[in-house]
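Before any comments, here is the structure.
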There are 2 protein chains.
Amino acid sequence: MVLKSKNASKPGSPPPKSGPETAVYQRQTRLQHAQERAQDYVEAIAELIAGCGEARATDLAKSLGVTHVTVIRTVQRLQREGLVTTQPYRSIFLTDSGRTLAGKARARHEKVVTFLEALGVAKSTARADAEGIEHHVSDETLKAMEKFLRSSRKGSGKPTRTY
Amino acid sequence: MVLKSKNASKPGSPPPKSGPETAVYQRQTRLQHAQERAQDYVEAIAELIAGCGEARATDLAKSLGVTHVTVIRTVQRLQREGLVTTQPYRSIFLTDSGRTLAGKARARHEKVVTFLEALGVAKSTARADAEGIEHHVSDETLKAMEKFLRSSRKGSGKPTRTY
DNA sequence: GCCGCATTGTAGCGCATGCTACAATATGGT
DNA sequence: ACCATATTGTAGCATGCGCTACAATGCGGC
(Lines give C-alpha, C1' and ligand atoms only; values in the text may rest on other atoms or scores of the structure.)
Protein backbone atom coordinates (compact mmCIF):
# COMPACT_ATOMS: atom_id res chain seq x y z
CA MET A 1 0.00 0.00 0.00
CA VAL A 2 1.56 3.14 -1.08
CA LEU A 3 0.32 5.70 1.28
CA LYS A 4 2.11 8.90 1.57
CA SER A 5 1.00 10.80 4.53
CA LYS A 6 1.88 14.36 4.74
CA ASN A 7 2.91 15.47 8.08
CA ALA A 8 0.52 17.08 10.44
CA SER A 9 -0.57 20.31 8.93
CA LYS A 10 -1.68 21.85 12.14
CA PRO A 11 1.04 23.81 13.86
CA GLY A 12 1.19 22.62 17.38
CA SER A 13 -2.31 21.39 17.91
CA PRO A 14 -2.45 17.73 17.02
CA PRO A 15 -3.52 15.67 19.97
CA PRO A 16 -1.55 12.45 19.85
CA LYS A 17 -4.51 10.14 19.87
CA SER A 18 -2.90 8.31 16.99
CA GLY A 19 0.17 9.18 15.05
CA PRO A 20 -0.72 11.21 12.03
CA GLU A 21 2.35 10.25 10.09
CA THR A 22 1.96 6.52 10.19
CA ALA A 23 -1.73 6.56 10.27
CA VAL A 24 -4.18 6.03 7.65
CA TYR A 25 -5.68 2.96 9.13
CA GLN A 26 -8.77 4.48 10.60
CA ARG A 27 -11.83 5.34 8.62
CA GLN A 28 -10.29 8.45 7.11
CA THR A 29 -12.73 8.25 4.33
CA ARG A 30 -11.55 11.35 2.65
CA LEU A 31 -8.01 10.15 2.39
CA GLN A 32 -9.23 6.84 1.10
CA HIS A 33 -11.17 8.59 -1.57
CA ALA A 34 -8.11 10.55 -2.52
CA GLN A 35 -6.28 7.27 -2.75
CA GLU A 36 -8.88 5.85 -5.05
CA ARG A 37 -8.78 8.92 -7.21
CA ALA A 38 -5.04 8.64 -7.42
CA GLN A 39 -5.28 5.04 -8.50
CA ASP A 40 -7.89 5.81 -11.10
CA TYR A 41 -5.85 8.62 -12.51
CA VAL A 42 -2.62 6.72 -12.51
CA GLU A 43 -4.30 3.77 -14.14
CA ALA A 44 -5.84 5.93 -16.82
CA ILE A 45 -2.53 7.64 -17.43
CA ALA A 46 -0.79 4.33 -17.83
CA GLU A 47 -3.46 3.20 -20.22
CA LEU A 48 -3.16 6.32 -22.30
CA ILE A 49 0.57 6.03 -22.43
CA ALA A 50 0.29 2.44 -23.46
CA GLY A 51 -2.27 3.31 -26.07
CA CYS A 52 -1.31 6.62 -27.53
CA GLY A 53 2.26 6.96 -26.37
CA GLU A 54 1.52 9.90 -24.17
CA ALA A 55 -1.02 11.10 -21.69
CA ARG A 56 -2.46 14.49 -22.37
CA ALA A 57 -4.77 16.31 -20.08
CA THR A 58 -7.72 16.47 -22.43
CA ASP A 59 -7.56 12.81 -23.26
CA LEU A 60 -7.34 12.05 -19.61
CA ALA A 61 -10.30 14.29 -18.98
CA LYS A 62 -12.28 12.55 -21.65
CA SER A 63 -11.27 9.16 -20.37
CA LEU A 64 -12.21 10.01 -16.82
CA GLY A 65 -15.34 11.89 -17.63
CA VAL A 66 -14.39 15.16 -16.02
CA THR A 67 -13.28 18.51 -17.30
CA HIS A 68 -9.70 19.21 -18.07
CA VAL A 69 -9.53 21.58 -15.15
CA THR A 70 -10.26 18.85 -12.70
CA VAL A 71 -7.64 16.73 -14.34
CA ILE A 72 -5.03 19.41 -14.09
CA ARG A 73 -5.76 20.06 -10.47
CA THR A 74 -5.67 16.42 -9.56
CA VAL A 75 -2.53 15.88 -11.57
CA GLN A 76 -0.95 18.67 -9.60
CA ARG A 77 -1.81 16.86 -6.44
CA LEU A 78 -0.42 13.61 -7.80
CA GLN A 79 2.74 15.43 -8.73
CA ARG A 80 3.00 16.73 -5.20
CA GLU A 81 2.66 13.17 -4.02
CA GLY A 82 5.33 11.96 -6.36
CA LEU A 83 3.23 9.77 -8.58
CA VAL A 84 3.51 11.70 -11.82
CA THR A 85 5.63 14.40 -13.36
CA THR A 86 4.57 17.19 -15.63
CA GLN A 87 5.86 20.38 -17.03
CA PRO A 88 3.74 23.26 -18.18
CA TYR A 89 2.05 22.56 -21.48
CA ARG A 90 3.60 19.13 -21.67
CA SER A 91 2.05 15.75 -21.27
CA ILE A 92 2.00 13.70 -18.14
CA PHE A 93 4.46 11.01 -17.19
CA LEU A 94 4.44 8.46 -14.44
CA THR A 95 7.18 8.23 -11.90
CA ASP A 96 8.39 4.87 -10.72
CA SER A 97 5.99 4.96 -7.82
CA GLY A 98 3.26 5.93 -10.20
CA ARG A 99 4.06 3.09 -12.52
CA THR A 100 4.12 0.66 -9.65
CA LEU A 101 0.81 1.87 -8.38
CA ALA A 102 -0.68 1.76 -11.84
CA GLY A 103 0.51 -1.79 -12.29
CA LYS A 104 -1.00 -2.90 -9.05
CA ALA A 105 -4.23 -1.12 -9.77
CA ARG A 106 -4.43 -2.58 -13.21
CA ALA A 107 -3.75 -6.10 -12.02
CA ARG A 108 -6.39 -5.76 -9.37
CA HIS A 109 -8.80 -4.31 -11.85
CA GLU A 110 -8.29 -7.11 -14.30
CA LYS A 111 -8.75 -9.72 -11.66
CA VAL A 112 -11.99 -8.23 -10.53
CA VAL A 113 -13.24 -7.90 -14.09
CA THR A 114 -12.35 -11.47 -14.90
CA PHE A 115 -14.00 -12.64 -11.76
CA LEU A 116 -17.20 -10.78 -12.45
CA GLU A 117 -17.30 -12.11 -15.97
CA ALA A 118 -16.80 -15.62 -14.68
CA LEU A 119 -19.73 -14.96 -12.41
CA GLY A 120 -21.82 -14.39 -15.46
CA VAL A 121 -21.88 -10.64 -15.62
CA ALA A 122 -21.75 -8.98 -18.99
CA LYS A 123 -18.40 -7.58 -19.92
CA SER A 124 -19.42 -3.97 -19.95
CA THR A 125 -21.13 -4.25 -16.60
CA ALA A 126 -18.20 -6.15 -15.20
CA ARG A 127 -15.89 -3.41 -16.21
CA ALA A 128 -18.10 -0.67 -14.86
CA ASP A 129 -18.62 -2.40 -11.54
CA ALA A 130 -14.99 -3.31 -11.20
CA GLU A 131 -14.18 0.35 -11.50
CA GLY A 132 -15.91 0.96 -8.23
CA ILE A 133 -15.32 -2.37 -6.55
CA GLU A 134 -11.62 -2.76 -7.07
CA HIS A 135 -10.79 -0.20 -4.46
CA HIS A 136 -12.65 -2.04 -1.76
CA VAL A 137 -11.67 -5.66 -2.12
CA SER A 138 -9.21 -6.76 0.48
CA ASP A 139 -6.34 -9.03 -0.37
CA GLU A 140 -8.17 -11.90 1.18
CA THR A 141 -11.20 -11.38 -1.00
CA LEU A 142 -9.01 -11.00 -4.01
CA LYS A 143 -7.40 -14.30 -3.23
CA ALA A 144 -10.80 -15.88 -2.88
CA MET A 145 -11.69 -14.53 -6.29
CA GLU A 146 -8.56 -16.01 -7.77
CA LYS A 147 -9.32 -19.32 -6.20
CA PHE A 148 -12.79 -19.24 -7.62
CA LEU A 149 -11.38 -18.45 -11.02
CA ARG A 150 -8.94 -21.30 -10.87
CA SER A 151 -11.58 -23.79 -9.86
CA SER A 152 -14.13 -22.58 -12.35
CA ARG A 153 -11.75 -22.50 -15.24
CA LYS A 154 -11.57 -26.22 -15.73
CA GLY A 155 -11.72 -26.91 -19.39
CA SER A 156 -13.66 -23.86 -20.34
CA GLY A 157 -10.61 -22.14 -21.64
CA LYS A 158 -11.07 -18.48 -21.70
CA PRO A 159 -14.51 -17.05 -21.56
CA THR A 160 -16.30 -16.16 -24.72
CA ARG A 161 -15.24 -12.75 -25.65
CA THR A 162 -18.42 -10.90 -26.05
CA TYR A 163 -17.39 -7.43 -26.73
CA MET B 1 -18.05 37.31 -28.81
CA VAL B 2 -18.10 35.33 -25.71
CA LEU B 3 -21.28 34.32 -24.05
CA LYS B 4 -21.32 35.64 -20.58
CA SER B 5 -24.63 34.84 -19.06
CA LYS B 6 -24.66 31.32 -17.76
CA ASN B 7 -27.33 29.87 -15.61
CA ALA B 8 -25.49 26.70 -14.91
CA SER B 9 -25.30 26.24 -11.19
CA LYS B 10 -27.74 27.90 -8.93
CA PRO B 11 -27.71 26.70 -5.36
CA GLY B 12 -31.44 26.61 -5.10
CA SER B 13 -32.54 25.05 -8.29
CA PRO B 14 -33.19 21.35 -8.61
CA PRO B 15 -30.26 19.36 -9.90
CA PRO B 16 -30.65 18.78 -13.60
CA LYS B 17 -29.70 15.17 -13.35
CA SER B 18 -31.73 14.32 -16.39
CA GLY B 19 -29.06 15.38 -18.76
CA PRO B 20 -28.96 14.88 -22.47
CA GLU B 21 -28.85 11.30 -23.49
CA THR B 22 -25.65 11.79 -25.39
CA ALA B 23 -23.38 11.81 -22.40
CA VAL B 24 -25.21 9.72 -19.91
CA TYR B 25 -22.15 8.24 -18.35
CA GLN B 26 -21.14 11.30 -16.47
CA ARG B 27 -19.05 10.44 -13.53
CA GLN B 28 -20.85 12.51 -10.95
CA THR B 29 -18.45 11.14 -8.44
CA ARG B 30 -19.24 13.64 -5.79
CA LEU B 31 -22.93 13.01 -5.89
CA GLN B 32 -22.32 9.33 -5.85
CA HIS B 33 -20.19 9.67 -2.77
CA ALA B 34 -22.90 11.67 -1.12
CA GLN B 35 -25.30 8.89 -1.95
CA GLU B 36 -23.04 6.32 -0.38
CA ARG B 37 -22.67 8.43 2.70
CA ALA B 38 -26.40 8.75 2.97
CA GLN B 39 -26.85 5.00 2.71
CA ASP B 40 -24.20 4.33 5.31
CA TYR B 41 -25.73 6.79 7.70
CA VAL B 42 -29.26 5.60 7.19
CA GLU B 43 -28.16 2.03 7.59
CA ALA B 44 -26.31 2.81 10.78
CA ILE B 45 -29.27 4.75 12.11
CA ALA B 46 -31.59 1.88 11.40
CA GLU B 47 -29.22 -0.48 13.13
CA LEU B 48 -28.99 1.71 16.18
CA ILE B 49 -32.73 2.06 16.38
CA ALA B 50 -33.12 -1.67 16.07
CA GLY B 51 -30.47 -2.23 18.68
CA CYS B 52 -30.87 0.49 21.26
CA GLY B 53 -34.27 1.83 20.46
CA GLU B 54 -32.98 5.18 19.43
CA ALA B 55 -30.22 6.73 17.38
CA ARG B 56 -28.23 9.39 19.14
CA ALA B 57 -25.59 11.45 17.51
CA THR B 58 -22.72 10.28 19.65
CA ASP B 59 -23.52 6.64 19.17
CA LEU B 60 -23.81 7.23 15.48
CA ALA B 61 -20.48 8.99 15.54
CA LYS B 62 -18.90 6.11 17.37
CA SER B 63 -20.48 3.61 15.03
CA LEU B 64 -19.33 5.44 11.95
CA GLY B 65 -15.90 6.36 13.20
CA VAL B 66 -16.25 10.10 12.88
CA THR B 67 -16.77 12.94 15.28
CA HIS B 68 -20.19 13.99 16.38
CA VAL B 69 -19.86 17.20 14.42
CA THR B 70 -19.60 15.35 11.18
CA VAL B 71 -22.58 13.29 12.15
CA ILE B 72 -24.65 16.34 12.93
CA ARG B 73 -23.74 18.04 9.70
CA THR B 74 -24.48 15.01 7.62
CA VAL B 75 -27.70 14.38 9.47
CA GLN B 76 -28.70 17.92 8.66
CA ARG B 77 -28.10 17.18 5.02
CA LEU B 78 -30.08 13.96 5.24
CA GLN B 79 -32.88 15.88 6.88
CA ARG B 80 -32.82 18.34 4.03
CA GLU B 81 -33.11 15.41 1.68
CA GLY B 82 -36.02 13.99 3.60
CA LEU B 83 -34.38 10.83 4.83
CA VAL B 84 -34.38 11.52 8.54
CA THR B 85 -36.00 13.83 11.02
CA THR B 86 -34.51 15.43 14.07
CA GLN B 87 -35.26 18.10 16.56
CA PRO B 88 -32.69 19.98 18.53
CA TYR B 89 -31.20 17.91 21.31
CA ARG B 90 -33.33 14.94 20.38
CA SER B 91 -32.41 11.69 18.76
CA ILE B 92 -32.66 10.88 15.10
CA PHE B 93 -35.53 9.17 13.37
CA LEU B 94 -35.92 7.79 9.91
CA THR B 95 -38.61 8.95 7.59
CA ASP B 96 -40.38 6.50 5.37
CA SER B 97 -37.95 7.17 2.58
CA GLY B 98 -35.12 6.73 5.01
CA ARG B 99 -36.49 3.45 6.20
CA THR B 100 -36.92 2.27 2.66
CA LEU B 101 -33.41 3.25 1.76
CA ALA B 102 -32.06 1.63 4.88
CA GLY B 103 -33.88 -1.54 4.05
CA LYS B 104 -32.53 -1.63 0.56
CA ALA B 105 -29.04 -0.87 1.72
CA ARG B 106 -29.24 -3.52 4.37
CA ALA B 107 -30.56 -6.13 1.98
CA ARG B 108 -27.83 -5.34 -0.48
CA HIS B 109 -25.25 -5.41 2.26
CA GLU B 110 -26.40 -8.78 3.47
CA LYS B 111 -26.38 -10.23 0.01
CA VAL B 112 -22.86 -9.08 -0.60
CA VAL B 113 -21.70 -10.39 2.75
CA THR B 114 -23.33 -13.74 2.19
CA PHE B 115 -21.84 -13.95 -1.24
CA LEU B 116 -18.35 -13.15 -0.02
CA GLU B 117 -18.65 -15.71 2.73
CA ALA B 118 -19.79 -18.27 0.22
CA LEU B 119 -16.70 -17.40 -1.75
CA GLY B 120 -14.63 -18.44 1.20
CA VAL B 121 -13.86 -15.12 2.77
CA ALA B 122 -13.78 -14.86 6.52
CA LYS B 123 -16.81 -13.34 8.08
CA SER B 124 -15.12 -10.25 9.41
CA THR B 125 -13.38 -9.55 6.13
CA ALA B 126 -16.57 -10.16 4.25
CA ARG B 127 -18.34 -7.64 6.35
CA ALA B 128 -15.61 -5.07 6.03
CA ASP B 129 -15.31 -5.48 2.28
CA ALA B 130 -19.02 -5.46 1.77
CA GLU B 131 -19.10 -2.10 3.46
CA GLY B 132 -17.17 -0.66 0.59
CA ILE B 133 -18.33 -2.92 -2.19
CA GLU B 134 -22.04 -2.76 -1.70
CA HIS B 135 -22.29 0.69 -3.14
CA HIS B 136 -20.71 -0.33 -6.41
CA VAL B 137 -22.39 -3.54 -7.39
CA SER B 138 -24.92 -3.06 -10.12
CA ASP B 139 -28.20 -4.87 -10.10
CA GLU B 140 -26.90 -7.22 -12.70
CA THR B 141 -23.92 -8.18 -10.60
CA LEU B 142 -26.10 -8.54 -7.57
CA LYS B 143 -28.31 -10.91 -9.50
CA ALA B 144 -25.28 -12.88 -10.56
CA MET B 145 -24.26 -13.12 -6.93
CA GLU B 146 -27.68 -14.39 -6.00
CA LYS B 147 -27.55 -16.94 -8.74
CA PHE B 148 -24.18 -18.11 -7.54
CA LEU B 149 -25.53 -18.42 -4.04
CA ARG B 150 -28.53 -20.40 -5.18
CA SER B 151 -26.40 -22.80 -7.13
CA SER B 152 -23.81 -23.22 -4.43
CA ARG B 153 -26.17 -23.51 -1.53
CA LYS B 154 -27.47 -27.01 -1.55
CA GLY B 155 -29.50 -26.92 1.61
CA SER B 156 -26.99 -25.22 3.85
CA GLY B 157 -28.05 -21.70 3.90
CA LYS B 158 -30.22 -19.49 5.86
CA PRO B 159 -32.75 -17.57 3.85
CA THR B 160 -31.68 -14.10 2.96
CA ARG B 161 -34.60 -11.99 3.83
CA THR B 162 -35.23 -9.85 0.88
CA TYR B 163 -36.60 -6.67 2.25
C1' DG C 1 -31.52 25.21 43.71
C1' DC C 2 -27.16 24.98 41.69
C1' DC C 3 -23.20 23.02 39.43
C1' DG C 4 -20.56 19.66 36.67
C1' DC C 5 -20.59 16.65 32.87
C1' DA C 6 -22.25 14.52 28.78
C1' DT C 7 -24.57 15.49 24.70
C1' DT C 8 -25.77 18.42 21.06
C1' DG C 9 -25.03 22.34 18.22
C1' DT C 10 -22.31 26.25 15.99
C1' DA C 11 -18.26 28.58 14.00
C1' DG C 12 -14.42 28.34 11.39
C1' DC C 13 -10.64 25.91 9.03
C1' DG C 14 -8.61 22.59 5.59
C1' DC C 15 -8.75 19.63 1.83
C1' DA C 16 -10.60 17.19 -2.29
C1' DT C 17 -13.52 17.32 -6.12
C1' DG C 18 -16.45 19.23 -9.42
C1' DC C 19 -17.75 23.20 -12.37
C1' DT C 20 -17.64 27.74 -15.55
C1' DA C 21 -15.22 31.58 -17.34
C1' DC C 22 -11.26 33.38 -18.97
C1' DA C 23 -6.07 33.82 -19.90
C1' DA C 24 -1.85 31.88 -21.69
C1' DT C 25 0.55 28.91 -24.64
C1' DA C 26 1.21 25.75 -28.48
C1' DT C 27 0.09 24.25 -33.12
C1' DG C 28 -1.21 24.27 -37.71
C1' DG C 29 -3.08 26.47 -41.96
C1' DT C 30 -2.65 30.31 -45.00
C1' DA D 1 4.72 35.90 -40.14
C1' DC D 2 0.02 35.70 -38.59
C1' DC D 3 -4.33 34.42 -37.11
C1' DA D 4 -7.70 30.66 -35.74
C1' DT D 5 -8.13 26.78 -33.06
C1' DA D 6 -7.00 23.52 -29.64
C1' DT D 7 -4.79 22.61 -25.57
C1' DT D 8 -3.24 23.82 -21.09
C1' DG D 9 -3.38 26.65 -17.08
C1' DT D 10 -5.49 30.03 -13.64
C1' DA D 11 -9.21 32.23 -10.93
C1' DG D 12 -13.16 31.85 -8.48
C1' DC D 13 -17.27 29.45 -6.88
C1' DA D 14 -19.98 25.53 -4.73
C1' DT D 15 -20.49 21.22 -2.29
C1' DG D 16 -19.15 17.55 0.76
C1' DC D 17 -16.79 15.79 4.57
C1' DG D 18 -13.35 15.70 8.02
C1' DC D 19 -11.47 18.15 12.06
C1' DT D 20 -10.78 21.36 16.52
C1' DA D 21 -12.54 24.74 19.62
C1' DC D 22 -16.08 26.58 21.90
C1' DA D 23 -21.14 27.64 23.10
C1' DA D 24 -25.65 25.97 24.35
C1' DT D 25 -28.63 22.63 26.23
C1' DG D 26 -30.12 18.59 29.15
C1' DC D 27 -29.56 15.81 33.04
C1' DG D 28 -28.06 13.94 37.14
C1' DG D 29 -25.36 14.67 41.57
C1' DC D 30 -24.63 17.61 45.47
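Just so we're on the same page: letters track the sequence lines, and every chain starts at 1.
Remark: P of C:dT17 and CZ of B:R37 are 14 Å apart, rounded to the nearest angstrom. As rounded to whole Å, 12 Å separates atom P of D:dT8 from atom CZ of A:F93. At whole-Å resolution of the value, CD in A:Q35 and C1' in D:dG18 are 17 Å apart. We find that CD of B:E36 is positioned 14 Å from P of C:dT17, with the value rounded to whole Å. Distance B:H33 NE2 to D:dG18 P: 11 Å, rounded to the nearest Å. Per the geometry, CZ belonging to A:R77 stands 7 Å off C1' belonging to C:dA16, to the nearest Å.
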Polar atoms only, N or O, under 3.5 Å: list the protein pairs with nucleotides 4-8 of chain C and their distances.
residue, atom, partner, partner atom, Å
C:dT8, OP1, B:A57, N, 3.4
C:dT8, OP2, B:T58, N, 2.9
C:dT8, OP2, B:T58, OG1, 2.8
C:dT8, O3', B:Y89, N, 3.3

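At least one side-chain heavy atom of B:R127 sits under 4.5 Å from a side-chain heavy atom of B:K123. Within the 4.5 Å cutoff, side-chain heavy atoms of A:L60 are placed close to those of A:V75.
At least one side-chain nitrogen or oxygen of B:T67 sits closer than 4.0 Å to the OP1 or OP2 atom of D:dC19. Between B:T70 and the phosphate of D:dC19, there is a side-chain N or O to OP1/OP2 separation shorter than 4.0 Å. Contact check, B:R73 against D:dC19: no side-chain N or O comes under 4.0 Å of OP1 or OP2. The shortest distance between the side-chain N/O atoms of A:Q76 and the OP1/OP2 oxygens of D:dG9 is not below 4.0 Å.
For residues 110-131 of chain B, the pairs satisfying ring pair (Phe, Tyr, Trp, His ring centres under 6.0 Å) are B:F115-B:F148, with sequence neighbours left out. For residues 117-145 of chain A, the set of pairs meeting the ring pair (Phe, Tyr, Trp, His ring centres under 6.0 Å) definition, not counting sequence neighbours, comprises A:H136-B:H136.
Across all their heavy atoms, A:L64 and A:D40 have their closest contact at CD2-O, 4.3 Å.
Each of B:R108, B:Q39, B:K111, B:H109 was checked for a side-chain hydrogen bond (donor to acceptor under 3.5 Å, both in side chains) with B:E134, and the lone residue meeting it is B:H109.
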